[in-house]
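Step one of this worksheet: look at the structure below.
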Amino acid sequence: MKIKVVALFTMMFATIIVLVGCGPKLIDCPDNSGGPATIKVGRAENGMLYEFGVVAVRYDEATQQETDLTDDVPSAAVNAFFVESGYTPKVEGLIIDYEVISFDRDVDPYPMLKKLGNIPGVIETDLHVFHKTSELLYASSFDYIEEDSNIPSGRRAIVDVGRIEDGSLYEFGVVLIQYDWMHTTGTTPLKAVNNYFIRKGYTPKTLNSFSDFVVIEIGACVDTAPMLRDIEAIPGVISARLNLLHTTLEVLRGETDVPGMSLF
């Protein structure tokens, strides 16, 4: 299952950024204190999550010719900007003609975008966004991705996401469930899963359904990882999985949990 380059860029650069004075809202998940390992990521105004300590930078033609885009060090002016700010930048990879540059995993890159964009030779900057497993499954279900003209808007925020032992990140409060729609014994699998969440005190909400998976939301700060085994034990459930987060570079390299998902 492959998606077009234009489609992925629609997903990546959907973060139409308006740099205003309003700072990010910090959304902690105290219910998970002492629970799973967590990491903080950013949430842009349109709801897309983005990686801390990483930016995507595109140069003008002259700077591109002067810069070795295969080097670990960004262009001289961009490198100097980060060094003067106390960081050691490193080029993690390329997304067509964008350099993806890491500098500090604990720093929100959002406030830097405007200053980076004013550096001579830089013509565009953006965030390095995450693509959820649910989004990639949706993308793989179609020959192309239509741009969503109804992108939700809201306040920028810093949010907690879960982190499993292999380092993979996942969205709290969402689980992807694959049902055996031919299962006819007893309660329907869909109703049984809903009842499972209700007994735990949650109000399940179906967000979408595609590629044999149903995406269910149960609460913003709820850790769904410990529930997967119990959900898969419900008759008629084939599998339950976390809504993992994949950076654009990971999608480019085919490093996702969606088989065959890559750029080309």
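The figures that follow rest on heavy atoms only: side chains count, while hydrogens, waters and symmetry mates do not. This one's a predicted model, so the numbers in the text were calculated from it and none came from an experiment.
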Using the side-chain contact (heavy atoms from CB on, under 4.5 Å) criterion, which residues pair with [X]? Sequence neighbours excluded.
| X | answer |
| --- | --- |
| Asp166 | Ile164, Ser168 |
| Gln64 | Tyr59, Leu69, Asp97 |
| Thr133 | Leu137, Leu176, Arg241, Asn243, Leu244, His246, Asp257, Val258 |
| Arg105 | Glu51, Val54, Glu92, Ser102 |

Hey, what do you get for [atom1] ([X]) to [atom2] ([Y]), rounding to the nearest 0.5 Å?
| X | Y | atom1 | atom2 | value |
| --- | --- | --- | --- | --- |
| Ser134 | Leu242 | OG | CG | 12.0 Å |
| Asp108 | Arg156 | CG | CZ | 5.0 Å |
| Ile158 | Arg43 | CD1 | CZ | 11.0 Å |
| Asn208 | Glu217 | CG | CD | 12.0 Å |
| Ile177 | Ile216 | CD1 | CD1 | 3.5 Å |
| Asp72 | Ile101 | CG | CD1 | 11.5 Å |

I'd like to check the ring-ring contact (aromatic ring centres under 6.0 Å, His included) partners of [X]; sequence neighbours left out, ordered by chain and number.
| X | answer |
| --- | --- |
| Tyr170 | Phe172 |
| Tyr202 | none |
| Phe82 | Phe103 |

Which atom names give the shortest non-hydrogen contact between [X] and [Y], and what distance separates them?
| X | Y | result |
| --- | --- | --- |
| Thr125 | Leu113 | OG1-O, 3.2 Å |
| Ala192 | Thr187 | N-CG2, 3.9 Å |
| Ile39 | Leu169 | CG2-CD2, 3.4 Å |
| Ala44 | Leu127 | CB-CD1, 4.4 Å |
| Gly53 | Pro109 | N-CD, 3.8 Å |
| Pro89 | Asn79 | CG-OD1, 3.1 Å |

(request) Under the side chain to side chain donor-acceptor pair (under 3.5 Å) rule, collect the residues that match up with Thr203, sequence neighbours excluded. (result) none

(request) Tell me, please, which residues at least two apart from Asp68 pass side chain to side chain donor-acceptor pair (under 3.5 Å). (result) Thr70

(message) Given 3.5 Å as the limit, does a donor-acceptor pair link the side chain of Thr67 with the main chain of Ser75, or not?
(response) no

(request) Output yes when a side-chain donor or acceptor of Thr256 lies under 3.5 Å from a complementary backbone atom of Val251, and no otherwise. (result) no

Are [Y] and [X] connected in a single hydrophobic cluster, I mean Ile/Leu/Val/Met/Phe/Trp/Tyr linked by side-chain heavy atoms less than 4.5 Å apart?
| X | Y | value |
| --- | --- | --- |
| Val214 | Ile238 | no |
| Ile123 | Phe81 | no |
| Val55 | Leu94 | yes |
| Leu136 | Leu207 | yes |

[X] vs [Y] side-chain heavy atoms within contact, under 4.5 Å:
| X | Y | result |
| --- | --- | --- |
| Phe197 | Ile231 | yes |
| Thr63 | Val122 | no |
| Ile218 | Val175 | no |
| Lys40 | Asp160 | yes |

(message) As a quick check of understanding, evaluate side-chain contact (heavy atoms from CB on, under 4.5 Å) for Val107 and Tyr87, giving each step before the final call.
(response) CA-CA 10 Å; Val107 176; Tyr87 305 115; 3.7 Å; yes

(message) Could you go through Ile95 and His128, starting from their C-alpha distance and side-chain angles, then the distance that decides it, and tell me whether this counts as side-chain contact (heavy atoms from CB on, under 4.5 Å)?
(response) CA-CA 10 Å; Ile95 303 173; His128 193 210; 4.2 Å; yes

(message) Which residues pass the salt bridge (charged side-chain N to carboxylate O under 4.0 Å, His left out) test with Glu99, not counting sequence neighbours?
(response) none

(message) Suppose we screen for salt bridge (charged side-chain N to carboxylate O under 4.0 Å, His left out). Which residues come up paired with Glu171, at least two apart in sequence or across chains?
(response) Lys132

(message) Show me the pairs that pass salt bridge (Lys or Arg N to Asp or Glu O under 4.0 Å) and involve residues 185-205, at least two apart or across chains.
(response) none

(message) Assess the residue pair Tyr98 and Thr248 against the criterion (side-chain contact (heavy atoms from CB on, under 4.5 Å)); give the C-alpha distance rounded to whole Å, side-chain angles, the decisive distance to 0.1 Å, and a yes or no.
(response) CA-CA 11 Å; Tyr98 282 79; Thr248 302; over 6 Å; no

(message) If you apply the rule side-chain contact (heavy atoms from CB on, under 4.5 Å), what do you find for Val215 with Tyr138, and how did you get there?
(response) CA-CA 11 Å; Val215 184; Tyr138 174 81; over 6 Å; no

